[in-house]
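In what follows, a structure is listed as structure tokens, so that the remarks can point back to it.
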Amino acid sequence: MSQDSSIQDQVKIYYGKRLQRSEDLNTDVSCCKKTAPQSKSARDAMTLIHPEITQRYYGCGLVVPEILEGCHVLDLGSGSGRDCYILSKLVGPNGHVTGVDMTVELIQLASKYISYHQEKFGYKEANIEFVQGYIEKLGDTGIQNNKFDVLISNCVICLCPDKKAVFEEAYRVLKEGGEMYFSDMYASEALDEDLKEDPVLWGEGLAGALYWKDLISLVMEFGFSKPYLLSASNVVINKAEILKRTGNVRYASATYRFFKLPVDRSDQKAWVTYKGTVTDYQDQLVFDSVHTFKKEKAVEVDAELAMVLKTSRFAPHFVFQPIECETPLKDGSQQYCHLNPFLLVDKRGSCIQKCS
């Protein structure tokens, strides 16, 4: 048995059999709920979810992007299905949601309430399905190329030993202009190998947390845009024996978004003007922690963000005016420091880091 398979088996046991409620986790990431911006529609949808589904929820806050009506959405590591059912309400009867999880018990739990939520939402037919499988091997589940408008994931990639395979598969199944929007756990530094041998640390997401800088290089390697950081919160370790094992490493829960860019494209800076036409965001649209687009106010953006907005589902909601002149790129440290979740946590003061 390979090391990756052994880790996957340990995580399946941890989430399928050992954990029965979110309170059973050894880390407290509830504070991240305060930082991620959420629409009224998403909050309203959450009130309709069956209590047993929410009780077996282990993610970080609510991971729901904007402009979902009619979209095909894939949830990587769908767990009990809470986020999938919220998305099911938001994509509407003409959209579709697929949840993939490796844990049989959670797939069975999520599938149990398909009819319940179909009736709750008033849909003639169910617009949701749950598939058992590994997010590193979506092809084994029959998921085809270029199928989805949006991929989400909620504190799951940190449980995967082969993150490169996850992002490679994400690129394959996303449509051109599609988005990956996800929350996950990140480390303030590269982790020692001995941490990765602890099954409890794997189950809690601590042993598999990416060093945040590695996310940037990983996703851009496959042709995605650079990541855009939306929100971040400290992860509080609330058990002394866990804290002793992790030492001085800081952990943060962060939400990023990035996009599958066209292979053939002409990069050009632009003035972009938000029309105020996105539901629940008529006055302004918060794209990430750096870019907030106010209605009818032109904003200068770099060539890549202009391309992201122009080729994604955001396009109908903006007016674009190209900028002919070019400005030199900043060096790497300046270019990516705004993507550091720990700097954003310190800036906003969200949660007290009790494990440092």
Subject >> Polar contact flag, side-chain donor to acceptor under 3.5 angstrom, D280-S41 >> reply: yes

Original post:
Does R82 make a cation-pi contact with Y57, if we ask for NZ or CZ under 6.0 Å from the ring centre and within 45° of the axis?
Top reply: yes

Original post:
Is the shortest side-chain N to carboxylate O distance from K244 to E241 below 4.0 Å?
Top reply: no

**OP:** Please list, chain by chain and in numerical order, all residues satisfying salt bridge (Lys or Arg N to Asp or Glu O under 4.0 Å) with K164, sequence neighbours excluded.
**Re:** E221

Original post:
Under a 4.0 Å N-O cut-off, is there an ion pair linking K175 with D149?
Top reply: yes

Subject >> K310 to F320, cation-pi by 6.0 Å centre distance and 45° axis angle >> reply: yes

Original post:
Under 30°, 30 to 60°, or over 60°: which ring-plane class applies to Y113 and H117, parallel, tilted or perpendicular?
Top reply: perpendicular

Original post:
Between Y274 and F287, does a ring-ring contact (aromatic ring centres under 6.0 Å, His included) hold up when you go through it step by step?
Top reply: CA-CA 11 Å; Y274 174 51; F287 183 81; over 10 Å; no

Original post:
Under 4.0 Å between a Lys/Arg side-chain N and an Asp/Glu carboxylate O for R313 and E179?
Top reply: yes

**OP:** Taking only Lys NZ, Arg NE, NH1 and NH2, and the carboxylate oxygens of Asp or Glu, determine whether E52 and K112 approach each other closer than 4.0 Å.
**Re:** yes

Original post:
Above 12 or not: heavy atoms from other molecules or residues under 6.0 Å from CD of E69?
Top reply: no

Original post:
With a 4.5 Å limit on heavy-atom distance, are the side chains of H338 and L229 in contact?
Top reply: no

Subject >> Stepwise side chain to side chain donor-acceptor pair (under 3.5 Å) test for S88 and N127 >> reply: CA-CA 7 Å; S88 169; N127 67 345; 2.5 Å; yes

Original post:
Can you name the closest pair of heavy atoms from L159 and W202 and give their distance?
Top reply: CD2-O, 3.1 Å

Original post:
Do you know which of F222, F224, Y181 makes ring-ring contact (aromatic ring centres under 6.0 Å, His included) with F258?
Top reply: F224

**OP:** Would you check if there is a donor-acceptor pair between the side chains of N340 and K213 at a distance under 3.5 Å?
**Re:** no

Original post:
Between D302, L305, V308, which is the residue that forms a side chain to side chain contact (heavy atoms under 4.5 Å, CB included) with K226?
Top reply: D302

Subject >> Donor on one side chain, acceptor on other, T98 and E129, under 3.5 Å >> reply: yes

